[in-house]
Amino acid sequence: MKNLLIVLSGPSGVGKGTIVERLLKSGGYSLSVSCTTRAPREGERDGVSYFFTDRQTFEGGIKNGGFLEYSEHFGNLYGTPKAFVEEKLKTGDVILEIEVDGALQVKRAHPEALLIMIAPPSESELISRLEKRGSESAEKIRERVKRMEYELSKKNEYDYTVINDNLDIAVDEIKNIIAKTKRS
Ligand code: 5GP
């Protein structure tokens with residue numbers, strides 16, 4: 001059975017990170033580590049959370065065809081290192097947690113990749129989740145809401161959409177989709 005490239009996307013605050021953690025804990029998957037030009041946040045480690053790099057190095061990587069996909073998001077570049085993912089794919093299924101523009105590039109280059117959109121139970125629910133984080137200004141929240149609408153508008157281009165209403169159910173649903181795709 002061929003190993004799968006699994007792409008998970010979804011708007012900020014939808015719970016992607018927790019879902020990915022659960023999938024990794026259950027074993028059988030590895031996670032791609034992306035490159036980014038954004039500065040590390042507190043607690044993030046180079047080579048674990050991201051490979052942190054400067055713009056010039058990143059742009060060199062683009063020129064050399066080193067990325068499976070890349071995109072600019074809120075002023076920073078993010079990309080999936082091609083060689084890193086190819087290496088991981090030799091040993092099992094690989095999860096990419098990336099935003100929609102990059103995800104659709106992956107689908108164009110690798111139609112066999114499995115694209116799953118994680119959506120909130122309702123948009124208003126997600127807006128209130130974002131507001132409850134309390135760490136962002138009204139302006140930032142507005143930006144994120146606009147981005148959320150954009151990301152969700154692309155869900156028809158994904159293979160599946162999973163609603164994260166209940167974490168256990170969403171994780172099970174994703175595992176079932178992966179199993180079904182591997183059987184087909
Ligand atoms: P953050 O800066 O909050 O870690 O991530 C911002 C956004 O960039 C998230 O939607 C995340 O999924 C996305 N992202 C992370 N890595 C990549 C990548 O390699 N490629 C693309 N296209 N998006 C990424």
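When a ligand or atom number is given, it counts from 1 through the structure's own listing order. The figures that follow rest on heavy atoms only: side chains count, while hydrogens, waters and symmetry mates do not.
- For atom 2 (O) of ligand 1, the closest non-hydrogen atom of the protein is Y78 OH, 2.5 Å.
- Ligand 1 has no nitrogen or oxygen under 3.5 angstrom from a nitrogen or oxygen of E44.
- The shortest non-hydrogen separation linking F52 to R38 is CD2-O, 3.2 Å.
- If you run ring-ring contact (aromatic ring centres under 6.0 Å, His included) between F51 and each of F58, F84, F67, only F84 comes through.
- For the side chain to side chain contact (heavy atoms under 4.5 Å, CB included) criterion with I118, the lone passing option out of I163, V14, T161, V20 is V14.
- Relative to atom 3 (O) of ligand 1, the option among H73, R38, R41, E69 with the closest non-hydrogen atom is R41.
- When the heavy-atom distances from atom 18 (C) of ligand 1 to L96, I98, V14 are ranked, the shortest goes to I98.
- Nearest protein heavy-atom contact of atom 9 (C) of ligand 1 is K16 NZ, 4.1 Å.
- Contact atoms of ligand 1 toward E97: 12 (O), 14 (N), 15 (C), 16 (N) (distance under 4.0 Å to a heavy atom of the residue).
- Checked by distance only, ligand 1 and G10 stay at 3.5 Å or farther apart across all their nitrogen or oxygen atoms.
- Considering both main-chain and side-chain atoms, S34 comes within under 3.5 Å of ligand 1 through a nitrogen or oxygen pair.
- One distance of note links CZ of R22 with NZ of K175; it measures 8.5 Å at 0.5 Å rounding.
- In terms of protein heavy-atom proximity, atom 23 (N) of ligand 1 is nearest to E99 N, 3.3 Å.
- Across every non-hydrogen atom of N164 and G15, the tightest pair is ND2-CA, 3.9 Å.
- In terms of protein heavy-atom proximity, atom 4 (O) of ligand 1 is nearest to Y50 OH, 2.5 Å.
- A donor-acceptor contact under 3.5 angstrom links the side chains of T80 and E69, judged on distance only.
- At a cut-off of 3.5 Å, with distance as the only test, no side-chain donor of Y78 or D101 sits close to an acceptor on the other residue.
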